[in-house]
Amino acid sequence: MKKKLLGILLGTSLVLAACGGNDGGDSKETSSGDVDAEKIVNNKCTSCHGGNLEGGMGPALKDVGSRLDKDQILEIIKNGKGQMPAGLVEGEEADAVAEWLANKK
């Protein structure tokens, strides 16, 4: 019973940490006005998917483009999957992250 409770608490803590707030310091645009997908991934995704996208609490994403196309990745970003909550990244940023991840093969 204690292990199960600890697992639930740890999982909840990690999901909440991944949600993080926007403190204004995580600039999402490059100087050219384009969305910096890699920076968004580093700020929003690596706490669960690992610093090198090797996996952790969430699955590995380092070669996700060999398994899923951009639209499939975008669908997961928008709607969540498993323990991943929906909407961690939205709009133009979600589209840019899906495209960036789709190129990881």
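Distance CG/Leu68 to CD1/Ile76: 5.0 Å, rounded to 0.5 Å. Rounded to the nearest 0.5 Å, atoms CD (Glu93) and CG (Leu88) are 12.0 Å apart. Note that the CG atom of Asp69 and the CG atom of Leu74 stand 10.0 Å from one another [nearest 0.5 Å]. The NZ atom of Lys62 sits 14.0 Å away from the CG atom of Leu101 when rounded to the nearest 0.5 Å. Trp100 contributes atom CH2, which lies 15.0 Å from atom CG of Asp95 (distance to the nearest 0.5 angstrom).
For the residue pair Ala37 and Ala96, the shortest heavy atom distance occurs at CB-O, 3.5 Å. Ala60 and Glu54 get closest at one heavy-atom pair: CB-O, 3.4 Å. Between Glu90 and Gly87 the shortest heavy-atom distance is CG-O, 3.6 Å. The two residues Lys70 and Ala98 come nearest to each other via the heavy atoms O-CB, 3.7 Å. The minimum heavy-atom distance linking Ile77 with Met84 is given by the pair CA-CE, 3.9 Å.
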* To do: Under the side-chain contact (heavy atoms from CB on, under 4.5 Å) rule, what do Lys104 and Leu61 come out as? Steps first, then yes or no, please.
  => CA-CA 8 Å; Lys104 297 286 182 194; Leu61 300 178; over 6 Å; no
* Asked: Step by step, would you call Ile73 with Val97 a side-chain contact (heavy atoms from CB on, under 4.5 Å)?
  -> CA-CA 9 Å; Ile73 295 168; Val97 168; 5.8 Å; no
* To do: Decide yes or no on side-chain contact (heavy atoms from CB on, under 4.5 Å) for Asp63 and Arg67, but give the supporting numbers first.
  => CA-CA 7 Å; Asp63 62 350; Arg67 299 185 308 274; 2.5 Å; yes
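A donor-acceptor pair under 3.5 Å is absent between the side-chain atoms of His49 and the main chain of Gly56, judged by distance alone.
By the neighbour-count criterion of 12 heavy atoms within 6.0 Å, atom NZ of Lys78 is sparsely surrounded, having that number or fewer from other residues, nucleotides or ligands.
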